[in-house]
Amino acid sequence: MRKAFVTLALLALAGLGLAQKCEINRTIVFADYDWESARVHNRIAQFILEKGYGCKTDALPGTSIPLITGLGRGDIDVSMEIWYNLSRDIIDRLESEGKIQRIGVNFPDAVQGWFVPTYVIKGDEKRGIKPMAPDLKSVFDLPKYKDLFRDPEEPSKGRFYNGVLGWFAEKVNTKKLKAYGLDKHYTNFRPGTADALVAAIASAYERGRPILFYYWGPTWVLGKYDFTMLEEPPYDPEVWNALIEEENPTRACAYPLETVYIAVNTRLIKEAPSVVEFLKKYRTSNELTSKLLAYMQDNRASEEETARYFLRNYQDVWTEWVPAEVAERVKKAL
């Protein structure tokens, strides 16, 4: 009688999704990079694994190269963001050694480029802003608008807000200014920190002022504000490589669209095939990730709160990643 009662109780618990057991009998460790989008994606995946698959998870904080190295050693199981073109050498080596494997694409459309507020081109009727540069489409249109983006410290030129001094992108943008012939018309202004760059962009936008700047996505800045990326010559590998390698290149092109991958230590593929199958199907976009980061910024939300916001409000997205019974357990946990 007692045995039958225990059996029925266990069945009841399983029906409630409380007895789900993870297929791997150890903690799954995520690479907690020092940028927000990666940490938000970690919290989303961790919540699904913990509540939907019954797994234990943890996250190891750090910077890019040490964490990728840890992924290769097996100290870390999952990296939700692998920016391949920024760490190509170490990733190629670890993949060739069979230590890590890219198993899916988190978002295929990470962007970098030169932006202006969309109201500069189209105006904003709600804010009473009229178009300031209705014909501005391309970087090659910028010389005639240098007065619009006037540098207060050098009024004869416009101001281009570059990345922080020493950034890879800052060096690329500096060469682009020369290759496009824009160094004659614009100062190459480098803010002291990333926060200073954000502050300049946000301040200009809130006041409805013109500003020309470099930025990238996914970020809360692109998620919160309406910007237009200026056209450049299409990305060309030959032109791009010359731009990187030569001291004074005469041609330039758009940044390559970056595919950001999900990678795992290959041990996890053998130990937890269901977990890996979920991670293979995990898929977002630059736009969606930027919206989540904007929510996080506007609401001063934690990464965990932002993950729950996503799981509550984007069920049509994440339920495609997991079996129906897993989705139900996650929904109940919310």
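Quick caveat, the model's predicted, so the values are computed rather than measured. Computation of the quantities below employed the complete heavy-atom set of this structure, encompassing side-chain atoms and omitting hydrogens, waters and symmetry-equivalent molecules.
Evaluation of the disulfide bond (SG atoms under 2.5 Å apart) test over residues 117-232, restricted to residues two or more places apart or in two chains, returns none. Residues in residues 198-287 take part in no disulfide bond (SG atoms under 2.5 Å apart) pair, two or more places apart or across chains. For residues 52-96, the pairs satisfying disulfide bond (SG atoms under 2.5 Å apart) are Cys22-Cys55, with sequence neighbours left out. Applying the salt bridge (Lys or Arg N to Asp or Glu O under 4.0 Å) rule to pairs touching residues 172-189 yields Lys176-Glu232, sequence neighbours excluded. Sorted by first then second residue, the disulfide bond (SG atoms under 2.5 Å apart) pairs that include residues 131-207, not counting sequence neighbours, number zero. Counting only residues at least two apart or in different chains, salt bridge (Lys or Arg N to Asp or Glu O under 4.0 Å) contacts with residues 121-133 are absent. Applying the salt bridge (Lys or Arg N to Asp or Glu O under 4.0 Å) test to every pair with at least one member in residues 204-216, sequence neighbours left out, gives no pairs at all.
Applying the salt bridge (Lys or Arg N to Asp or Glu O under 4.0 Å) test to Arg251 and every residue at least two apart in sequence or in another chain returns nothing. Applying the ring pair (Phe, Tyr, Trp, His ring centres under 6.0 Å) test to Tyr119 and every residue at least two apart in sequence or in another chain returns Tyr205.
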Using residues 103-116 as the side-chain source, report each donor-acceptor pair under 3.5 Å to any protein atom, sequence neighbours left out, with the distance given to one decimal.
from, atom 1, to, atom 2, distance (Å)
Asn106, OD1, Thr284, OG1, 2.7
Asn106, ND2, Met80, O, 3.0
Asp109, OD1, Asn286, N, 2.8
Gln112, OE1, Tyr214, OH, 2.5
Trp114, NE1, Asn173, OD1, 3.0

Only distances under 3.5 Å count here; give the side-chain donor-acceptor pairs of residues 316-326 to other protein atoms, sequence neighbours excluded, each with its distance to 0.1 Å.
from, atom 1, to, atom 2, distance (Å)
Trp318, NE1, Leu311, O, 2.8
Thr319, OG1, Gln315, O, 2.4
Trp321, NE1, Lys281, O, 3.3

Acceptor/donor pairs from residues 135-144 side chains to any protein atom, 3.5 angstrom cut, sequence neighbours excluded:
from, atom 1, to, atom 2, distance (Å)
Ser138, OG, Phe140, N, 3.0
Asp141, OD2, Lys137, N, 3.0
Asp141, OD2, Ser138, N, 2.9

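For Tyr255 and Trp240, the ring centers are positioned less than 6.0 Å apart.
One hydrophobic cluster, built from ILVMFWY side chains closer than 4.5 Å, cannot hold both Leu257 and Trp83; they sit in different ones.
Asp77 is not listed as a side-chain neighbour of Val264, based on a closest heavy-atom distance of 4.5 Å or more.
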